[in-house]
Amino acid sequence: MSDEPRTVVVSYRLPLTLRRVGPGWRGERSTGGLATALGPVVRGGRGLWVGAAGDAAAATDPERDALLAQWERQGFVAVDIPPAIHAGFYDGFANGALWPLFHHFPTRFQTRPGDWEAYVAANRRFCDAVLERLQPGDRVWVHDYQLMLLPAMLREARPDLAIGFFLHIPFPASEVFRVLPHREELLRGLLAADLVGFQTWGHAQHFRWALLRLLGIDSGLDRVEREGRVTRIEAFPIGIAPEEFTRTLATPRAQARLAELRARDGRRLVLAVDRLDYTKGIPERLRAFRLLLERHPEWRGRVCLVQVAVPSRERVSRYRELRREVSELVGEINGELGTPEWTPVVYLKRAVAREELVALYAAADVCWVAPLRDGMNLVAKEYVACQEAGAGVLLLSELAGAAAEMGEALHVNPYDAEGSAATLVRALTLPAPERQERLAALRVRVHHSTAHTWAARFLGRLGAAAAERVLHGGPTVRPLPLPDLASAWNRAERRLLLLDYDGTLTPLRPRPSEAAPDADLVALLSALCAEPRNTVAVVSGRPAAVLDPWLGAVPGLHLVAEHGATRRLPGAPWQPLRPGANPEWKAHVRPLLDAFTLRAPGSFVEEKPHALAWHYRLTEPQFGEWLARDLLATLEGVLAATEVRAVPGNKVVEVRFAWAHKGEAARTLLAESAAELALAVGDDQTDEDLFAALRAEDWSVVVGRQASRARFQLPTPAAVRAALQALVSA
Ligand code: ADQ
């Protein structure tokens, strides 16, 4: 038996559908990649699958209840969403707002009053259904755009639960995403997961960009760290179960159909298979096909487009309009260009049986996958799997997630009718060796990255992400073991406290002037200083003119300003660390910083006696980072021959004397205080100098989760204050 934890899969639909048949009920099993990939994950008591089941009952119905109870024993838990909520949730917010926006159709986006509330209520129903059945050690895997609030709801109820989320559709560019009402709640909903997966790296980057622009949250390439928690961000391109297709293709029924299709009229067969959805680019493809026949009359009568389209979401009006548009277009093309012997477009407006589908895939000379935007697109992969013996050509929209993986397909821009028509001609005339070569490479990938490997990889990464959270509290640094510190603290006769100010004792504020200490902080520092065994120093990048009025009145407190350029012993005047240092360089650097300020609205220059600082916390984040890098590179050249350096900080570039750093100040204080125990706390790059100056047995604490040379970590300034308070009481 495996010791894998139980997995609770949550998706909008179960892989079983409940149908009302006459007076009774019947369950139908769905096939398809997701059901195949996740079936083994939940079967045999290894997990549960929670989702909506299909037709609702008008009133309590014992027969339906009995069937659902039987399903539950097999691991399938049906969530009933009352029709009043379902309309606003599914047809409304999920498919009327999220679906079009996430596929970059802001003009098709609509929300009605009440839709959002229904979305929240439906997510709550799923949450309750999961919580009711959760066992210790379970992990939860939430699927897709219908359930974006669920990770946060689950996290609130179960802070330690391992939660993964996978988005099957694309994540949009942040400019499009920001159109959405409640966008911040949706982002926070996802961030509560330990792992958020996307189909492509590009979608993951869009998500990171949205976090930055809408929540101001910076993220690393594969992780977000926030309030002491980590969310990993990764791409997991979904695959199919190719053996399902090849097995079906080998059945006598499919082979017979294939033989019939091949025995047709010698015309080339171009195949398109889609759900009838405006994201799939069906009208655009039909127009491109018409253009080809108009421009290249030599192909008339020699090629036939078979469009299979299964109607979906017919309760949403846009979908009914699309259905009409496609029918009209097919009628026009066939009416204008067809002949008694030849129908240019064969339109099958229905779901076709699996045997029919695989036979079509195997018989098609070209499969034309043309979505205007798509998370992945499984049709492209299914076609490749079924071209076992053939040498067909895949024509693939560059706007499908699949394009990122399937580089050997012929890529097309589905909005470009002329380009698409020309590429189709190329596909129809491609020499056999090239076709075989391209297809072989595609086949290797489709067989290598399957639905099974996808699920296994996701769950593996989820396990790792959750274990990291539980065991280490973070990727790099251990949480501060406060009881150990308190007992060491009590044992020591002389103790030195080195405290950074901004981001350590107070949260970072948009404007530096807003970070004045509150009465609690002054009281805390006073209490620490009142203990004769303590030497307490605030070691800050701030100038003396700011620290003095804020903290100068705390009896016994040492102040170090401008990262150590000047300092003040309790009750004494300020003293420069190196008397006589000449700050004339500021006259050359200031105009450069002013020029950068003009380029970045919201940024500003802070002038201190021994330093200059360019702050960009209020600028558009990505732009600010980009300018800061540019500024650092420029200053490196300008300052090369001087004793002045430009140093990156937290949303600030500091220009100061190379020797004026916190490490120098820390060493001086360590020597003077003769402390047996030193504790240093800080949050940004300049505090690393502070940590570096300590002895091996001293206590260094970084605030936040960033990589640091500190030995320990605390999540927030509030946690720092609580820890210091505990030392006062100890
Ligand atoms: P979908 O938007 O449904 O999925 P897609 O990936 O193309 O899109 O899957 C469609 C499935 O339906 C395929 O398995 C196909 O064989 C089947 N199908 C379509 N038309 C059919 C017909 N007429 N008869 C029978 N079968 C038909 C969402 C995202 C995708 C993502 C998947 C999986 O929108 O981008 O690839 O989830 O993550």
What's the spacing between L211 CG and L187 CG if we round to 0.5 Å? 5.5 Å
Within a radius of less than 6.0 Å around CD of E437, do more than 12 heavy atoms belonging to other residues, nucleotides or ligands occur? no
Please work out which of the three classes, parallel, tilted or perpendicular, describes the rings of W116 and F93, given edges at 30° and 60°. perpendicular
Minimum side-chain heavy-atom gap V369-P371 below 4.5 Å: yes
Rounded distance [0.5 Å steps], CG in L292 versus CH2 in W299: 8.5 Å
Check: G419 main-chain N/O paired with T423 side-chain donor or acceptor under 3.5 Å: yes
Under 4.0 Å between a side-chain nitrogen and a carboxylate oxygen: does that hold for E321 and R324? no
Which atom names give the shortest non-hydrogen contact between L286 and I333, and what distance separates them? O-CD1, 3.5 Å
Measure from the side-chain N and O atoms of R208 to the backbone N and O of A204, and report whether any donor-acceptor pair falls under 3.5 Å. no
Provide the closest heavy-atom pair for L98 versus L186 in the form atom of the first, atom of the second, distance. CD2-CD1, 3.9 Å
When you compare the side chain of R257 with that of E355, does any pair of heavy atoms fall below 4.5 Å? no
Relative to the ring of Y90, is the ring of Y12 parallel (under 30°), tilted (30 to 60°) or perpendicular (over 60°)? parallel
Between R300 and E294, does any NZ, NE, NH1 or NH2 come within less than 4.0 Å of an OD or OE carboxylate oxygen? no
If you measure from CG on L410 to CG on L395, what distance do you get to the nearest 0.5 Å? 6.0 Å
Does G96 offer a backbone N or O that forms a donor-acceptor pair with the side chain of Q110 under 3.5 Å? no
Tell me whether E382 contacts the main-chain N or O of I240 through its side chain, where contact means a donor paired with an acceptor under 3.5 Å. no
Does CH2 in W201 sit with more than 12 non-hydrogen atoms of other residues, nucleotides or ligands closer than 6.0 Å? no
For the pair V446 and M406, evaluate side chain to side chain contact (heavy atoms under 4.5 Å, CB included) and give the outcome as yes or no after the intermediate values. CA-CA 9 Å; V446 165; M406 305 182 86; 4.1 Å; yes
Between E314 and R320, does any side-chain N to carboxylate O distance fall below 4.0 Å? no
Mind checking the CZ-CG spacing from R183 to L101? Nearest 0.5 Å is all I need. 11.5 Å
Heavy-atom donor-acceptor pair, D274 side chain to L276 backbone, under 3.5 Å: no
What I want to find out is whether E234 reaches R457 closely enough, with some N-O distance under 4.0 Å, to be called a salt bridge. yes
Take the angle between the ring planes of F166 and F458 and call it parallel below 30°, perpendicular above 60°, tilted in between. perpendicular
Check: V303 and L293 side chains under 4.5 Å, non-hydrogen atoms: yes
What are the two closest heavy atoms between H104 and A173, and how far apart are they? NE2-N, 3.0 Å
Within 6.0 angstrom of R267 CZ, more than 12 heavy atoms from elsewhere: yes
Could you check if a side-chain atom of Y361 sits within less than 4.5 angstrom of a side-chain atom of L271, using non-hydrogen atoms only? yes
Using a distance-only test with no angle check, is there a side-chain donor-acceptor pair under 3.5 angstrom linking R285 and Q307? yes
Member of R443, R438, R445 meeting the salt bridge (charged side-chain N to carboxylate O under 4.0 Å, His left out) criterion with E408: R445
Exam field: side chain T450 to backbone H447, donor-acceptor pair closer than 3.5 Å: no
Between H203 (side chain only) and H168 (backbone N and O only), is there a donor and an acceptor less than 3.5 Å apart? no
Which distance, rounded to the nearest 0.5 Å, do you find between the CG of L372 and the CD of E284? 4.5 Å
Over all heavy atoms of both residues, which pair between T200 and A404 is shortest? Give the atoms and the distance, please. CG2-CB, 4.4 Å
Is the closest side-chain heavy-atom distance between L329 and R290 below 4.5 Å? yes
Assess whether atom CZ of R26 is packed by more than 12 heavy atoms of other residues, nucleotides or ligands within 6.0 Å. no
Do any N or O atoms from the side chain of H448 and from the backbone of V444 form a donor-acceptor pair under 3.5 angstrom? no
On the 0 to 90° scale, with breaks at 30° and 60°, tag the F623-W626 ring pair as parallel, tilted or perpendicular. parallel
When you check the gap from the basic side-chain N to the acidic O, do D115 and R112 get nearer than 4.0 Å? yes
Note: W49 and A35 closest approach over all heavy atoms is CH2-CA, 4.0 Å
Identify the two heavy atoms, one from P15 and one from F76, that lie closest to each other, and give their separation to 0.1 Å. CG-CE2, 3.6 Å
I'd like to know if the side chain of T246 reaches the main chain of P242, judged simply by a donor and an acceptor atom lying under 3.5 Å from each other, with no hydrogens or angles considered. yes
State plainly whether the residues R213 and E175 are in salt-bridge range, i.e. N to O under 4.0 Å. yes
Can any side-chain N or O of R435 pair as donor or acceptor with the backbone N or O of G392 at less than 3.5 Å? no
Got L180 and F109 here, is their nearest side-chain heavy-atom distance under 4.5 Å? yes
Run the numbers on E405 and K381 for salt bridge (Lys or Arg N to Asp or Glu O under 4.0 Å), then give the verdict. CA-CA 10 Å; E405 269 185 291; K381 299 190 171 182; 2.7 Å; yes
When you compare the side chains of N413 and D416, does any donor N or O come within less than 3.5 Å of an acceptor on the partner? no
Any luck finding a side-chain donor-acceptor pair between R275 and S312 under 3.5 Å? yes
Separation between CG (D222) and CZ (R232), nearest 0.5 Å, reads 7.0 Å
Only one of E325, E418, E328 clears salt bridge (charged side-chain N to carboxylate O under 4.0 Å, His left out) with R287; which? E325
Any heavy-atom pair between the side chains of V196 and L167 that's under 4.5 Å? no
Please report the C-alpha distance between F171 and F177 in whole Å, then the side-chain angles of each, then the deciding distance to 0.1 Å, and finally whether the ring-ring contact (aromatic ring centres under 6.0 Å, His included) criterion is met. CA-CA 8 Å; F171 195 92; F177 181 74; 4.9 Å; yes
Ring-plane angle category for W454 and H143, please: parallel below 30°, perpendicular beyond 60°, tilted otherwise. tilted
Before accepting this row, confirm whether a basic side-chain N of the pair D91/R313 lies closer than 4.0 Å to the acidic partner's carboxylate O. no
Y278 six-ring centre to R318 NZ/CZ under 6.0 Å and within 45° of normal: no
Is the closest side-chain heavy-atom distance between T279 and D374 below 4.5 Å? no
